[in-house]
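Heavy-atom basis, side chains included; hydrogens, waters and symmetry copies ignored. Along the sequence shown, residues carry numbers from 1. When a ligand or atom number is given, it counts from 1 through the structure's own listing order.
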Amino acid sequence: MTICASRIQRTLNAAHADHAANTTGANADYIPSLSTVDPNLFGIAVVTVAGEVIEAGDSRHEFALESISKVFTLALAMEDVGPQVIRAKVGADPTGLPFGSVMALELHGDKPLTPLVNAGALSTTSLVRASTPSQRWQRILKTQRAFAGRDISLSKEVDASEQSTNFHNRAIAWLLYSAGAMYADPMETCEVYTRQCSTMVTTTDLAVMGATLAAGGTNPVTGHRVIRDTYIPRILAEMTMEGLYDTSGDWAYTVGLPGKSGVGGGLLAVAPGRLAIAAFSPPLDPVGNSVRGCAAIAQIAHDLGLNLYQSPTPVRTSQAAPAPPGSST
Ligand code: DON
């Protein structure tokens, strides 16, 4: 069932108005350049599988993609090595621990478990086929651009800020190497991973990227196929499991859509076959998800009836409902 653009626009406007005054949360500060982004910025966008674009607020303001990049590098690595290799070498389970956790590796036999935490993302970046780090980076950037349908580019400032402070990720890269779960040079991989997090997107770009997943791998704005449709369910499953880190389960319970957050304040949710919702607002909750982004997307998904676990049409039966267990008749 398609939802008309005017209804989506009203829903976006309402969510923007309802959450704009929420000042809870704080910008990420472990990456210095993110701490100075205006915390009042707040954009929302929806892109449908028909390529319609609906926006509210600061939807054209650019911000750093950060962890949301993990989804698109996963897509490229899956094209390169196939979903079985991703499952065997990286995994498809939640870690139950923060995105930068070293303990998660120790607890799970040195397997990262998911491409959507830093360890699994580093491992996944190293699986992207390339003969040089520059080629690996160029292929990742090309993939991000194909998903966005626009020549998005690197922020030299965010990249420099992050490359000069990413000691924790460098340690994770060496741990992966010692565990046999790093498939290219660890420091070169860490540099490329850090760069893939430092590209700049608008909320609308992010919604186009998500709509490409919602549309089975073809970008609905450019019409170009970006990834094989059979890989999409695996990517969305990974997003459901770990896209919002420690709150992924709660997000599935309350919103019912695969999502992915980034510490730049971006958040993406995908309604397969229908549309993607993106939001941007820098202040984060304690696990690293945009506070306004979560609230706005949850409200929009609810108001548009997008919960994946809800049957679209009520099932009618002529039989009376069975008595609940334990009741005596
Ligand atoms: O590697 C990092 O820590 C950052 N470049 C990305 C982390 C991130 O976005 C986590 N997301 N919520």
(request) May I ask you to check if ligand 1 and N169 share an N or O to N or O distance below 3.5 Å? (result) yes
(message) Within ligand 1, which atoms have a heavy atom of C197 less than 4.0 Å away?
(response) 5 (N)
(request) Please work out whether the ring planes of F63 and F280 are parallel, tilted or perpendicular, with thresholds of 30° and 60°. (result) parallel
(message) Within this structure, what is the CG-CE distance for the pair L65 and M209, rounded to the nearest 0.5 Å?
(response) 5.5 Å
(message) I need the contact type for N118 against ligand 1. Using non-hydrogen atoms and a strict under-4.0 Å cut-off, is it side chain, backbone, both or neither?
(response) side chain
(message) Hydrogens and angles aside, do T194 and E162 bring a side-chain donor and acceptor to less than 3.5 Å of each other?
(response) no
(request) Quick one: do D303 and T11 satisfy side-chain hydrogen bond (donor to acceptor under 3.5 Å, both in side chains)? Show the steps, please. (result) CA-CA 7 Å; D303 290 354; T11 310; 5.5 Å; no
(request) Would you mind running through ligand 1 and noting each atom that sits below 4.0 Å from a heavy atom of S261? (result) 11 (N), 12 (N)
(request) Name the closest protein heavy atom to atom 5 (N) of ligand 1, giving the residue it belongs to and the distance to 0.1 Å. (result) E162 OE2, 2.3 Å
(request) Please identify which atoms of ligand 1 are closer than 4.0 Å to at least one heavy atom of Y245. (result) 10 (C), 11 (N), 12 (N)
(message) I'd like to check whether G264 has a polar contact with ligand 1, where a contact means an N/O of the residue lying under 3.5 Å from an N/O of the ligand.
(response) no
(request) Would you check whether Y193 has a nitrogen or oxygen atom less than 3.5 angstrom from a nitrogen or oxygen atom of ligand 1? (result) yes
(request) Mind checking the CG-CE spacing from D185 to M187? Nearest 0.5 Å is all I need. (result) 7.5 Å
(message) Give me the nearest non-hydrogen protein atom to atom 7 (C) of ligand 1 as residue plus atom name, then the distance to 0.1 Å.
(response) S67 OG, 3.0 Å
(request) Give the residue and atom name of whichever protein heavy atom lies nearest to atom 2 (C) of ligand 1, and the separation in Å to one decimal. (result) Y30 OH, 3.3 Å
(message) With ring pair (Phe, Tyr, Trp, His ring centres under 6.0 Å) as the criterion, how do F42 and H19 come out once you've worked through the C-alpha distance, each side chain's angles and the decisive distance to 0.1 Å?
(response) CA-CA 9 Å; F42 183 25; H19 301 290; 7.3 Å; no
(request) Run the numbers for me: atoms of ligand 1, each under 4.0 Å from some heavy atom of F99, listed by number. (result) 3 (O), 7 (C), 10 (C)
(request) Before accepting this row, confirm whether a basic side-chain N of the pair E238/R234 lies closer than 4.0 Å to the acidic partner's carboxylate O. (result) no
(message) Using a plain distance cutoff, I'd like to know if G288 has any nitrogen or oxygen under 3.5 Å from a nitrogen or oxygen of ligand 1.
(response) yes
(request) Write out the residue and atom name of the closest protein heavy atom to atom 4 (C) of ligand 1, then the distance separating them to 0.1 Å. (result) E66 OE1, 3.2 Å
(request) From the options D250, L267, D285, L116, select the one residue that forms a side chain to side chain contact (heavy atoms under 4.5 Å, CB included) with L244. (result) L267
(message) Does the residue G262 have a heavy-atom contact with ligand 1, meaning some pair of atoms that are separated by less than 4.0 Å?
(response) yes
(request) Identify whether the distance between the nearest side-chain nitrogen and carboxylate oxygen of E79 and R225 falls below 4.0 Å. (result) no
(request) Quick one: look at N289 and ligand 1, take heavy-atom pairs under 4.0 Å, and tell me if it's side chain, backbone, both or neither. (result) neither
(message) Between S248 and E242, do the side chains contain a donor N or O and an acceptor N or O under 3.5 Å apart?
(response) no
